[in-house]
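Every value quoted in this text rests on a predicted model; they were computed, and no experiment measured them.
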There are 2 protein chains.
Amino acid sequence: MSTNPLLKGTLQTIILKLLEDNAEMYGYEITQKVKEVTAGEIMLTEGALYPALHKLEADGFLETFTQVVDNRVRKYYRLTEEGGKEVTSKLDEARSFIDQLQALLNLKPAIK
Amino acid sequence: MSTNPLLKGTLQTIILKLLEDNAEMYGYEITQKVKEVTAGEIMLTEGALYPALHKLEADGFLETFTQVVDNRVRKYYRLTEEGGKEVTSKLDEARSFIDQLQALLNLKPAIK
DNA sequence: GGGTATACATAATTTTGTTATGTATATAAA
DNA sequence: TTTATATACATAACAAAATTATGTATACCC
């Protein structure tokens, strides 16, 4: 899997948002969902994803449970209450950042 | 100066784009321009800006000349020909990344 | 003389990725 | 049957790209 250097800083936000929409997801499922939604343009690397999930859990934003399917263990993640608030906050940040970036890069025409 | 973690990966693009629009700028001027355009929401740190400028120069995308104003040295940067091509390429990347990110974060409503 | 603004630079550290590697099961192809 | 691909997790070594802190120096205002 390969990623975009621009991804930096947005991974946590992406994970939190997906869990807001889906309630319960496991790591591999997240990689596939991102791949699907972005038409293969953003591919999460496992070396980035799993540590990010562990950190979000350690920070109290996610909680986990495991389930065995086809003799393989899946570790499911869901938002905690705190995590729910964090999604809102991170999305606001992302929205604002995208706006500023578009302004700087002239990707959004100014009102004339 | 403090920054947004989301800034990661976009600094070079911002610099290159500003130099496409302005032809000649010096470091401090870039920080002020970014601050102005983003209403103070994105503040470039010097520890990020100067090394980024040096790297873009080392990569052949920028060339420099100095000028003394009020007894203080200013180091001006301008795009090289290669740098001109790089702007286009980086902007395409940024555009595409913003699109994917907005799709993932549901910041752009899907067509129904 | 002290604070703020202008103007550059770099070293130490931290954050956050990539790349590589490892373990393990399921399934389809050769 | 063994080999490749997909599923599923994890972590260590390394690199990139920031932040934070520090340093130098001038100009200007109070």
Side-chain angles (χ1 to χ4, degrees), chain A residues 1-16 24-36 40 42-59 61-62 64-77 90 93-94 97 100-101, chain B residues 1-16 24-36 40 42-59 61-62 64-77 90 93-94 97 100-101:
Chain A
M1 300 191 193
S2 77
T3 355
N4 194 307
L6 295 175
L7 185 65
K8 294 205 177 209
T10 60
L11 180 53
Q12 287 196 14
T13 309
I14 291 168
I15 292 170
L16 289 168
E24 284 165 9
M25 294 184 90
Y26 56 98
Y28 186 76
E29 189 184 7
I30 292 174
T31 66
Q32 297 311 299
K33 186 72 181 173
V34 167
K35 189 177 168 184
E36 179 203 321
I42 297 183
M43 312 271 280
L44 302 187
T45 59
E46 293 153 293
L49 176 68
Y50 291 114
L53 286 170
H54 301 162
K55 186 170 190 309
L56 288 169
E57 189 186 1
D59 288 344
F61 299 133
L62 301 182
T64 65
F65 62 98
T66 55
Q67 199 170 301
V68 177
V69 178
D70 282 336
N71 278 315
R72 275 190 300 254
V73 177
R74 285 180 185 170
K75 191 165 167 188
Y76 279 90
Y77 290 85
K90 289 268 193 193
E93 255 182 65
F97 178 70
Q100 304 305 341
L101 189 58
Chain B
M1 299 191 194
S2 76
T3 356
N4 194 307
L6 295 174
L7 186 65
K8 299 200 175 214
T10 61
L11 180 53
Q12 287 198 14
T13 309
I14 291 169
I15 293 170
L16 290 169
E24 282 166 10
M25 294 184 90
Y26 55 98
Y28 186 76
E29 189 184 6
I30 292 174
T31 66
Q32 298 310 299
K33 187 72 181 173
V34 168
K35 189 178 168 181
E36 179 202 321
I42 297 181
M43 313 272 279
L44 302 187
T45 60
E46 292 152 294
L49 177 68
Y50 292 113
L53 286 169
H54 300 162
K55 185 172 191 307
L56 288 168
E57 188 185 3
D59 288 345
F61 299 133
L62 302 182
T64 66
F65 62 97
T66 56
Q67 197 170 303
V68 177
V69 178
D70 281 337
N71 277 315
R72 276 192 300 256
V73 177
R74 286 181 185 169
K75 191 165 166 186
Y76 280 90
Y77 291 84
K90 289 267 193 195
E93 254 180 66
F97 179 70
Q100 304 304 341
L101 190 57

* Nearest to the side chain of B:Tyr50 - C:dT10, D:dC9, C:dG17? -> C:dT10
* Nearest-Å distance for atom pair CD1/P, residues A:Ile42 and C:dT16 -> 17 Å
* Asked: The side chain of A:Asn71 lies closest to which of these nucleotides: C:dT25, D:dT11, D:dC9?
  -> C:dT25
* Taking the side chain from B:Glu29 and the backbone from B:Tyr26, do they hold a donor-acceptor pair closer than 3.5 Å? -> yes
* Asked: Atom CD of A:Glu29 and atom P of D:dA6: how far apart are they, to the nearest Å?
  -> 18 Å
* Where the side chain of A:Arg74 is defined as all heavy atoms beyond and including C-beta, which of D:dA8, C:dA9, C:dC8 is the nearest nucleotide? -> D:dA8
* Of the candidate nucleotides C:dA9, D:dA17, D:dC9, which contains the atom at the shortest distance from the side chain of B:Lys55? -> D:dA17
* Between B:Ile30 (CD1) and C:dA9 (C1'), how many Å, whole number? -> 15 Å
* Asked: Does D:dT11 have OP1 or OP2 sitting under 4.0 Å from an N or O in the side chain of A:His54?
  -> yes
* Structure fact -> B:Tyr26 OH to C:dA9 P, in whole Å, measures 14 Å
* Whole angstrom is fine here: how far is it from CD in B:Gln32 over to P in C:dA5? => 10 Å
* Distance from A:Gln67 atom CD to A:Tyr76 atom OH, nearest 0.5 Å? -> 5.0 Å
* Asked: Hey, are the side chains of B:Leu62 and B:Leu16 touching, using non-hydrogen atoms and a 4.5 Å cut-off?
  -> yes
* Passes side-chain contact (heavy atoms from CB on, under 4.5 Å), B:Phe97 versus A:Thr10? Steps please. -> CA-CA 11 Å; B:Phe97 179 70; A:Thr10 60; 3.9 Å; yes
* **d(CZ, B:Phe65; P, C:dC8) in whole Å** => 12 Å
* If you check every side-chain atom of A:Lys75, which of D:dC9, C:dC8, C:dT10 has the closest atom? -> D:dC9
* Structure fact -> 5'-most contact on DNA chain C (nearest-nucleotide basis), A:Arg72 vs A:Gly47, goes to A:Gly47
* Asked: So, do B:Thr45 and B:Thr31 sit near enough that their side-chain heavy atoms are less than 4.5 Å apart?
  -> no
* **Per B:Ala48 side chain, nearest of listed nucleotides D:dA18, D:dT11, C:dA26** => D:dA18
* Asked: How long is the line joining CD of A:Glu46 and P of D:dC9, in whole Å?
  -> 9 Å
* To do: Using atom CD of B:Gln12 as one end and atom C1' of D:dA16 as the other, report the distance to the nearest whole Å.
  => 10 Å
